[in-house]
Trainee: 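Got a structure for you, written out below as structure tokens; questions coming shortly.
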Protein chains: 2
Amino acid sequence: MEHTRERPVTMADVARAAGVSRTTVSFVLNGRSGVNIPGTTRERILHAAEGLGYRRNAAAQALASQRSGLFGLVTEIVTSPFAADVIKGAQWRSWEDNRFLLIAPSENEQMMEAAAIEKLLEQRIEGLIIAASWHQAVEVPENAHQVPCVLVHCFDESGRLPSVVPDEESGGRAAAQELLAYGHREIGHITLPPGIPAQVGRLRGFGAELSAAGVALPDHRIVAGDGTAESGYHGAAELLDGPNPPTAIFCGNDRMAMGAYDAIKERGLRIPHEISVVGFDDQQALADSLRPGLTTVALPFEEMGAAGVRKLTAMTTGSRDTSSHLALDCPLHRRSSVGFALR
Amino acid sequence: MEHTRERPVTMADVARAAGVSRTTVSFVLNGRSGVNIPGTTRERILHAAEGLGYRRNAAAQALASQRSGLFGLVTEIVTSPFAADVIKGAQWRSWEDNRFLLIAPSENEQMMEAAAIEKLLEQRIEGLIIAASWHQAVEVPENAHQVPCVLVHCFDESGRLPSVVPDEESGGRAAAQELLAYGHREIGHITLPPGIPAQVGRLRGFGAELSAAGVALPDHRIVAGDGTAESGYHGAAELLDGPNPPTAIFCGNDRMAMGAYDAIKERGLRIPHEISVVGFDDQQALADSLRPGLTTVALPFEEMGAAGVRKLTAMTTGSRDTSSHLALDCPLHRRSSVGFALR
DNA sequence: CTGTTAGCGCATTCAT
DNA sequence: ATGAATGCGCTAACAG
């Protein structure tokens, strides 16, 4: 281990070697526009920098220019299985934009989140992304407002902060289209807790698409769930035990689909031969353990992360792109739980 | 959007408000040890900082102290499905250590990797982790040596750099234990390309465990694969079509297990009732699409990421922990492809 | 134990 | 077009 600790070469060194001033070096190395520097001088400087092994010092540059080139992302990285995808999208986009992304865990405790943001602010981030683990209205910590901020997979009540969310309706429509394509016309739905964006959007999109195809979704075919496997089990039981049971069930999320599977199997029905199931969320670990594999609607996490950064970039470069609210499509992820309708 | 751009509060401001010098403020705010400052003075300073809304400027601190508090991680984030887990582990550990982790994509092109590291070095990272997407010997770019560096999921030929790798043998043993527990004694193995660490270790551990249980693994039960599904198909075919076919097959990786599934189903055999299969890698997307779910050995990515950071921390704090090579256990991930032996 | 002084490496305004 | 001067906010000797 011999990281030879020679004094690092600075711009001054380069300037001296090239026989020009530090200013000139700075201009050349940063490709400053609006300045015309003789080609030979340019060459000489570049060559000297190369030869000396000059490397820019980001901290010094940040301090002097008051721009860190950093974005921050706060998310529940350790507890949320989705966070990784948001990070991936945001990270990739940041890198492409020639910026680094600083990640800080929030883990849902309001205090921790503010503290995490505080640390990011110490790093003088130029923009902040706050990502939630489920589509909801959030209370943004006060200190988040000290820098351009965009919300991902959430939004603030007041609507002042720009946000990137999944288009839940598009997901509902995708689910409906799939079931319709397989000939289903007797369809049931188990909802999420009433009022939350996911519940409202998924149901609305689903209902609209069915309706457009002339298929009814009567009230008795819509049973209320609460997002748990338990409620999925009971919801499915209710749908199946009633008169004229549906040939397909669209579950508001994968966890409920899991419960529905149990109720279905308990009744000796086979998926997808006798009944089809579509979930929502595309939770790997879950769809992984279900037999047969669950066809489900995915949330566009990676895209949301990338879109968040893109919006931030637009904001920090002053482009008045305050088309604040972006909703991204939720694509269907086919596995094996949808089959042709028997009736 | 009114991020009021007042002049940020500096230490000088705090010092003035508290009626002390900047040095004293610096000492107090950084909890500098070995200095005894009157409790009242401390209070006064802390209070002033709080009141003025002082926030440390990381760039300035980094510049002056020559320590950035940053670690770098180079990995194939966009193309490798495993990278996210390494990042998660490393990110979490870094945060706990009060450091930020800077991520840079390598995507396997040697040139890009050096360039990525170069950017990290501009940020004056204090340590670097290079993570590979498969267990291999790597050629470390020259510039990586300018800072403490640890390799994750790979190692350098010369053995000079510390590394954290999976204990492939432990994985082989885990696979053997599972099959033995289910009563199998006629077992086949499809190997990875000969010579690579994963091939050597997995086979060795597997063979050793069987041998310890008095079960033979004759040469004709070991067929050479190359890691592709195609080779898994052919390998399984060879094992099944020979005289005295095995009741279980341990595949060197999940992709080959996938191919093996095809050969098995083609011959009318049912998994796990008539034949058991164990894979290696625990590739979500793959195990996800296989029916029945594949029981497979997982690589400890998250742990490796965390261990990498821990090692880096030890190195940068001077602790002479040059117990350079760390190998972490590979645990079995049970799904549904292992059943009781018929014979 | 506290304050004074001098950089850290770079950007930038203002002369030349 | 280039160079000199100044400051970004903080740390770290060294004095007092």
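Just so it is clear, the model here is predicted, and its values are computed rather than measured. A note on names: the letters A, B, ... follow the listed sequences, proteins ahead of strands, and every chain is numbered from 1.
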Trainee: Is there any salt bridge (charged side-chain N to carboxylate O under 4.0 Å, His left out) pair reaching into residues 129-158 of chain A, and which pairs are they, with sequence neighbours excluded?
Mentor: none

Trainee: For B:Arg124 and C:dC8, what is the distance between atoms CZ and C1' respectively, to the nearest whole Å?
Mentor: 11 Å

Trainee: Could you state the atom-to-atom distance from CZ of B:Arg16 to C1' of C:dG3 in whole Å?
Mentor: 15 Å

Trainee: In whole Å, I'd like the distance from the CG atom of B:Leu63 to the C1' atom of D:dA12.
Mentor: 13 Å

Trainee: A:Trp95: what forms a side chain to side chain contact (heavy atoms under 4.5 Å, CB included) with it, not counting sequence neighbours?
Mentor: A:Gln91, A:Phe100, B:Ala104, B:Pro105, B:Ala116, B:Lys119

Trainee: On DNA chain C, does the nearest nucleotide to A:Ala59 precede the nearest nucleotide to B:Gly19 from the 5' side, or the other way round? Give the residue.
Mentor: B:Gly19

Trainee: Applying side chain to side chain donor-acceptor pair (under 3.5 Å), can you list everything that pairs with B:Thr40, at least two apart in sequence or on another chain?
Mentor: none

Trainee: Quickly work out the A:Gln66 CD to C:dG9 C1' distance and round it to whole Å.
Mentor: 14 Å

Trainee: If we ignore angles and hydrogens, is there a donor and acceptor under 3.5 Å between the side chains of B:Glu122 and A:Asn57?
Mentor: no

Trainee: For A:Glu126, enumerate each residue passing the side chain to side chain contact (heavy atoms under 4.5 Å, CB included) test, keeping only those at least two apart in sequence or located in another chain.
Mentor: A:Arg67, A:Ser68, A:Phe71, A:Arg99

Trainee: How bent is the helix from C:dC1-D:dG16 to C:dT16-D:dA1, measuring the angle between the end axes built from five pairs each, rounded to 10°?
Mentor: 30°

Trainee: Considering residues at least two apart in sequence or located in another chain, which fulfil the side chain to side chain contact (heavy atoms under 4.5 Å, CB included) criterion with B:Ala84?
Mentor: A:Ala84

Trainee: Can you give one letter per nucleotide of nucleotides 11-16 of chain C, 5' to 3': B if a protein heavy atom sits under 4.0 Å from the base, S if only from the sugar-phosphate, - if neither?
Mentor: BB----

Trainee: Going by the rule salt bridge (Lys or Arg N to Asp or Glu O under 4.0 Å), which residues pair with A:Asp13 if we only count those two or more places apart in sequence or in a different chain?
Mentor: A:Arg7, A:Arg16

Trainee: May I ask you to test the A:Val74-A:Glu113 pair for a side-chain heavy-atom distance under 4.5 Å?
Mentor: yes

Trainee: Please identify each residue that fulfils side chain to side chain contact (heavy atoms under 4.5 Å, CB included) with A:Arg22, with sequence neighbours left out.
Mentor: A:Ala12, A:Ala15

Trainee: Once you round it to whole Å, what is the distance between C1' of C:dG9 and CG of A:Leu29?
Mentor: 13 Å

Trainee: Compare the minimum distances between each of D:dC10, C:dG9, C:dG3 and the side chain of B:Thr24, then state the nucleotide with the smallest one.
Mentor: C:dG3

Trainee: It should be established whether A:Ser21 places a side-chain nitrogen or oxygen under 4.0 Å from OP1 or OP2 of nucleotide D:dG3.
Mentor: yes

Trainee: What is the distance, rounded to the nearest whole Å, between atom CZ of B:Arg42 and atom C1' of C:dT2?
Mentor: 15 Å

Trainee: Mapping A:Arg55 and B:Thr41 to their closest nucleotides on DNA chain C, which lands nearer the 5' end?
Mentor: B:Thr41

